[in-house]
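Each chain gets a letter, A, B and so on, in the order its sequence line appears, and its residues count up from 1.
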Amino acid sequence: MPELPEVETTCRGIAPHITGKKVKQIIIRNTRLRYPIPESLTNNLTGQTIHQVTRRGKYILLHTDAGVAIIHLGMSGTLRIIESGIDAEKHDHVDIIFDHKKCLRLRDPRRFGCLLWTQTDPQQHKLLKSLGPEPLSDDFNENYIYKLTRKRSVAVKQFVMNSHIVVGVGNIYTSEALFQAGINPTRPVNKISLKSCKKLSTAIKDVLSRAITQGGTTLRDFYNGEGKPGYFQQQLSVYGRESQPCHHCNTPILKIQQGQRATYYCKQCQR
DNA sequence: AGAGGTACCTGGCAGC
DNA sequence: TGCTGCCAGGTACCTC
């Protein structure tokens with residue numbers, strides 16, 4: 001489910017409710033996420049005060065004096081704030097219960113997400129260490145893209161989706177950004193000019209920013225920290241629009257397969 | 001080093 | 001109604 005806008009929306013949704021609050025109890029109903037939830041999490045996080053909620057790529061970090069909880073929502077995870085005491089449903093794997101009777105509940109049907117604990121710098125954690133730059137930062141620009149693409153022949157769609165190149169841009173927003181940039185998703189990256197790299201970085205920033213403003217994209221099951229859906233799906237130009245007319249030229253939108261993932265594009269507008 | 005495939009897991013839906 | 005197969009927003013890890 002979540003790409004960067006959804007994770008950012010989740011962070012913004014939960015932060016005001018848990019920042020400065022003390023963890024009273026942690027209930028783990030199922031430790032079997034992508035990586036097993038470590039015992040060190042319960043042992044160390046209980047009794048700690050969350051002093052900051054931050055995001056790195058699609059990872060959500062809960063900072064305390066004792067260490068940092070690292071959360072990834074995978075394909076189907078949600079984090080929401082509820083009143084403590086509400087019955088858990090089938091895929092509600094973890095409750096972090098706070099002093100003020102609020103509960104941060106992690107639900108993840110497909111269990112592709114994770115919940116880890118680190119006592120050292122989270123940026124140096126194995127999972128975060130080699131991530132690419134944040135797409136909305138100045139480090140992510142046409143020169144960066146141009147330099148990294150010269151010796152690669154992979155399709156631009158797969159290049160953009162690689163988190164070691166740039167974080168947070170998943171299947172939906174890659175298709176959308178490539179449409180906005182007018183670039184065919186199958187184009188080998190080393191065939192893209194500096195000028196097109198500029199269009200690409202600009203489009204990625206624009207699509208992500210607009211999606212964050214809309215509270216993310218809810219296709220089936222994304223809800224923010226307060227249980228509300230996102231609205232960006234109403235503005236999708238190509239994603240999920242196979243055979244429907246392109247908003248710009250009326251040509252039917254194509255759906256193809258790239259690296260086992262669906263790609264949507266307009267062959268007329270994207271060259 | 002880069003590219004491609006596989007694995008993890010469940011739910012929803014189309015088709016029979 | 002019920003079964004089967006396919007698809008889904010992610011990404012680490014393996015091999016070539």
I'd like a table of atom pairs between the protein and nucleotides 10-12 of chain B - only N or O on both sides, under 3.5 Å - with the distance next to each one.
residue: dT10(B); atom: OP1; partner: Arg111(A); partner atom: NH2; Å: 2.6
residue: dT10(B); atom: O4'; partner: Pro109(A); partner atom: O; Å: 3.4
residue: dT10(B); atom: O3'; partner: His91(A); partner atom: NE2; Å: 3.4
residue: dG11(B); atom: OP1; partner: Lys90(A); partner atom: NZ; Å: 3.0
residue: dG11(B); atom: OP1; partner: His91(A); partner atom: NE2; Å: 2.6

Tell me which residues in residues 174-186 of chain A lie within less than 4.0 Å of DNA chain B, going by non-hydrogen atoms. none

Atom NE2 of His164(A) and atom P of dG10(C): how far apart are they, to the nearest Å? 14 Å

Identified side chain to side chain contact (heavy atoms under 4.5 Å, CB included) partner of Ile27(A) from the options Ile96(A), Thr42(A), Ile97(A), Val94(A): Ile97(A)

Regarding Phe159(A), tell me which of base, sugar-phosphate or nothing describes its non-hydrogen contacts under 4.0 Å with the strands shown. nothing

Of the listed nucleotides (dC9(B), dC7(C), dA12(C)), which one gets closest to any side-chain atom of Phe112(A)? dC9(B)

Partners passing side chain to side chain donor-acceptor pair (under 3.5 Å) against Glu8(A) (at least two apart in sequence or in another chain): Arg12(A), Arg55(A)

So, Gln180(A) and Asp206(A): side-chain donor and acceptor under 3.5 Å apart, yes or no? yes

Going by side chain to side chain donor-acceptor pair (under 3.5 Å), name the residues that satisfy it together with Thr120(A), two or more places apart in sequence or in a different chain. Thr118(A)

N/O-N/O pairs, protein side and nucleotides 1-3 of chain B side, under 3.5 Å:
residue: dA3(B); atom: OP1; partner: Ser153(A); partner atom: N; Å: 2.5
residue: dA3(B); atom: OP1; partner: Ser153(A); partner atom: OG; Å: 3.1
residue: dA3(B); atom: OP1; partner: Val154(A); partner atom: N; Å: 2.9

Who are the side chain to side chain donor-acceptor pair (under 3.5 Å) partners of Thr49(A), not counting sequence neighbours? none

Pairing annotation in dot-bracket form, given for DNA chain B with Watson-Crick or G-U pairs under 3.5 Å and | for cross-strand partners: .|||||||.|||||||

Let's see if you get this right: which residues in residues 118-132 of chain A place a heavy atom under 4.0 Å from DNA chain C? Lys126(A), Leu127(A)

Sorted by chain and residue number, the side chain to side chain donor-acceptor pair (under 3.5 Å) partners of Glu83(A) (sequence neighbours excluded) come out as Lys102(A)

Nearest-nucleotide check on DNA chain C, Asn171(A) vs Tyr35(A); residue mapping nearer the 5' end is Asn171(A)

Whole Å only: how far is the CG atom of Leu33(A) from the P atom of dC8(B)? 16 Å

Side chains of Lys157(A) and Thr263(A): any donor to acceptor distance under 3.5 Å? yes

Pro229(A): side-chain contact (heavy atoms from CB on, under 4.5 Å) partners, not counting sequence neighbours: Thr218(A), Tyr223(A), Tyr231(A)

Any pair with a residue in residues 121-178 of chain A that passes ring-ring contact (aromatic ring centres under 6.0 Å, His included), sequence neighbours left out, goes on the list, sorted by first then second residue, please. Tyr173(A)-Phe232(A)

Look for any protein N or O under 3.5 Å of an N or O in nucleotides 14-16 of chain C and output each such pair with its distance, or none.
none

